[in-house]
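For reference, the structure is listed below as structure tokens.
Below, chain A is the first sequence line, B the second, and so on; all start at residue 1.
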2 protein chains.
Amino acid sequence: MARKQGSHSEITGPKVRAAALRLIARYGCAAVSMRQIAAEVGVQAGALYNYINDKQSLLFDLMESHMKELLEAAAQVDLSGDAPAALERFTRFHIQFHLPRRDQVFVSYMELRNLNEENFAKIEAMRRSYEDQLETILKTGVANGDFVVTDTRVTTLGLIALLTGITNWYDPQGRLDIDTVQAIYVELVSKAVAA
Amino acid sequence: MARKQGSHSEITGPKVRAAALRLIARYGCAAVSMRQIAAEVGVQAGALYNYINDKQSLLFDLMESHMKELLEAAAQVDLSGDAPAALERFTRFHIQFHLPRRDQVFVSYMELRNLNEENFAKIEAMRRSYEDQLETILKTGVANGDFVVTDTRVTTLGLIALLTGITNWYDPQGRLDIDTVQAIYVELVSKAVAA
DNA sequence: CATTTAACTGAACGGGCGTTCGATTGAAAA
DNA sequence: TTTTCAATCGAACGCCCGTTCAGTTAAATG
């Protein structure tokens, strides 16, 4: 068997995904051609098909990877203690996880419409699972009298939109560092649901 | 001169824009062909060019129209009285304006990347103008001691993300009517910035 | 050194793209 | 009734698309 070590595929494979992620985040899936992705990687278009089945599953893989990473990281968040403390930790986690992943966030939110029904359902289930972690915190806080929230589901979706929206304007070279942004949003979120 | 009255152009023109808006909101600009838009209208693709210069300017027109409508409507909002009252009216306005315009909101936010530099700058300036109306309310409230906000600019962007996010999940056939949604968000927003 | 085969090239496939334009149509104007 | 021309058709333009695949290359194996 030839070339088990030193194989290029372990280099090219990730490069394909990285190039696709960057280009799709910037221009949208439909606006990016396989030839553009290939050029970014430095191969011909046909070579991409050593690493992907087709464009559709490339897109889905990017989104699924992002959501899996998110769920795994979110599972590590310490939600012990009272609801206000858990909410603060969740808020800080959400920001620090999403801010360095602008491309992934863009793709995972804007390319949902390009998924087929089956793949869409998978991504939505994962997103729902993440949302439920926040809603559980809110429900706990309401039950304990720490929070006053009219509708925990709507508030969950609202808070996630509030937090994820940061990726639309945050500039790492701008006047605010991540800690400052976290502090601002921790205040907004905790006050919004406070008793 | 023939056919000044009864001309089809006054019918077909708006139909082209309506079909383009619906299709682009659903599938994205790059994924929708001129032939698809034409089929929706009931003409051949070539006929579209009686009403548009090219695909780019069709997209821009849709976005510009939406932003103009928004600014005109926002200018009618009563912002007299104290800051908390103005904030509640702004919140209610934002929701009732955006909720029935899901397609316009989708297109105006997700197709920004498909605009050239000049057109992008125009849309962004209009959006900034709208945001500034909210920031002015926040600044007034902070100055009067009605609000406590660490950063009015960041809070403005956050609140708009919070409110606009409703269009991503609201279902007119769902369990909540617009009044209820407005009430929930008025509470969230006013508490978030409260002193 | 000879062999093997993973990785990649480069051409080709059928098809759809945005856009243009001469020909056609049919209702209002004369 | 004849003329006019706004509105539209329908074909064509050159180009790029996603994907396939026989052939080439070159590095690890034996």
Side-chain angles (χ1 to χ4, degrees), chain A residues 1-63 107 111 113-116 119, chain B residues 1-63 107 111 113-116 119:
Chain A
M1 222 180 294
R3 265 204 289 180
K4 284 214 162 164
Q5 292 173 354
S7 164
H8 287 187
S9 72
E10 290 155 19
I11 298 170
T12 307
K15 277 174 81 175
V16 169
R17 294 167 52 87
L21 180 67
R22 181 170 52 252
L23 287 170
I24 292 174
R26 187 162 195 77
Y27 303 108
C29 187
V32 174
S33 70
M34 301 306 286
R35 285 168 178 82
Q36 282 177 268
I37 296 171
E40 191 98 342
V41 175
V43 296
Q44 295 297 314
L48 298 179
Y49 290 84
N50 291 320
Y51 308 99
I52 66 169
N53 289 329
D54 51 39
K55 204 184 185 188
Q56 260 283 328
S57 49
L58 168 60
L59 177 64
F60 174 69
D61 283 348
L62 292 175
M63 297 172 69
V107 170
E111 304 295 337
R113 59 189 173 189
N114 287 108
L115 295 180
N116 61 40
N119 287 340
Chain B
M1 224 180 297
R3 262 206 291 177
K4 284 211 166 167
Q5 293 173 355
S7 164
H8 287 186
S9 71
E10 290 154 21
I11 299 169
T12 306
K15 278 174 81 176
V16 169
R17 294 167 51 87
L21 180 68
R22 181 169 53 251
L23 287 170
I24 292 175
R26 189 162 194 75
Y27 303 107
C29 188
V32 174
S33 70
M34 301 305 288
R35 286 169 178 84
Q36 280 177 270
I37 296 171
E40 191 99 343
V41 174
V43 297
Q44 295 299 313
L48 298 180
Y49 290 83
N50 291 319
Y51 307 99
I52 65 171
N53 289 328
D54 50 38
K55 205 185 184 187
Q56 259 285 327
S57 51
L58 168 60
L59 178 64
F60 175 69
D61 283 347
L62 292 175
M63 297 173 69
V107 171
E111 303 296 336
R113 59 188 173 189
N114 289 107
L115 296 180
N116 61 39
N119 287 341

Between [X] and [Y], is any pair of side-chain heavy atoms under 4.5 Å apart?
{"X": "M34(B)", "Y": "Y49(B)", "answer": "yes"}
{"X": "M63(B)", "Y": "N114(B)", "answer": "no"}
{"X": "L58(A)", "Y": "L48(A)", "answer": "no"}

Nearest whole angstrom, please: distance from the [atom2] of [N] to the [atom1] of [X].
{"X": "N50(A)", "N": "dT9(C)", "atom1": "CG", "atom2": "P", "answer": "10 Å"}
{"X": "I52(A)", "N": "dC8(C)", "atom1": "CD1", "atom2": "C1'", "answer": "15 Å"}
{"X": "I11(A)", "N": "dA27(D)", "atom1": "CD1", "atom2": "C1'", "answer": "13 Å"}
{"X": "I37(B)", "N": "dG18(C)", "atom1": "CD1", "atom2": "C1'", "answer": "11 Å"}
{"X": "Q56(B)", "N": "dT19(C)", "atom1": "CD", "atom2": "P", "answer": "9 Å"}
{"X": "L48(B)", "N": "dT20(C)", "atom1": "CG", "atom2": "C1'", "answer": "13 Å"}
{"X": "K15(A)", "N": "dA7(C)", "atom1": "NZ", "atom2": "P", "answer": "14 Å"}
{"X": "M34(B)", "N": "dT19(C)", "atom1": "CE", "atom2": "P", "answer": "6 Å"}

Given [options], identify the nucleotide with an atom nearest to the side chain of [X].
{"X": "Y49(B)", "options": "dT19(D), dC9(D), dG18(C)", "answer": "dG18(C)"}
{"X": "D54(B)", "options": "dT9(C), dG18(D), dT19(C)", "answer": "dT19(C)"}
{"X": "S33(A)", "options": "dG18(D), dT19(C), dT8(D)", "answer": "dG18(D)"}
{"X": "Q36(B)", "options": "dT19(C), dC17(C), dT19(D)", "answer": "dC17(C)"}
{"X": "Q44(A)", "options": "dG10(D), dG10(C), dT8(D)", "answer": "dG10(C)"}

Original post:
Where each residue is assigned the nucleotide of DNA chain D containing its nearest heavy atom, which of A31(A) and G46(A) is assigned the position nearer the 5′ end?
Top reply: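 Whichever sits nearer the 5' end wins; that is A31(A).
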
Original post:
Using a cut-off of 4.0 Å on non-hydrogen atoms, how would the nucleic acid contact of V32(A) be classed: base, sugar-phosphate, or nothing?
Top reply: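 Sugar-phosphate, backbone atoms only, no base.
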
**OP:** Select base, sugar-phosphate, or nothing to describe what A47(A) touches, counting heavy atoms under 4.0 Å on all strands.
**Re:** base

Subject >> Spacing of L59(B) atom CG and I24(B) atom CD1 [to the nearest 0.5 Å] >> reply: 5.5 Å

Subject >> For E40(B), the option from K15(B), R22(B), R35(B) that meets side chain to side chain donor-acceptor pair (under 3.5 Å) >> reply: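 Exactly one option meets the side chain to side chain donor-acceptor pair (under 3.5 Å) with E40(B), and it is R22(B).
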
Original post:
Are any of Y51(A)'s side-chain N or O atoms less than 4.0 Å away from OP1 or OP2 of dC8(C)?
Top reply: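 Result: yes.
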
Subject >> Under-4.0 Å side-chain N/O to phosphate OP1/OP2 contact, T12(A) with dC8(C) >> reply: yes

Subject >> Check: R35(B) side chain, dG18(C) base, donor-acceptor under 3.5 Å >> reply: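 Such a pair exists between side chain and base.
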
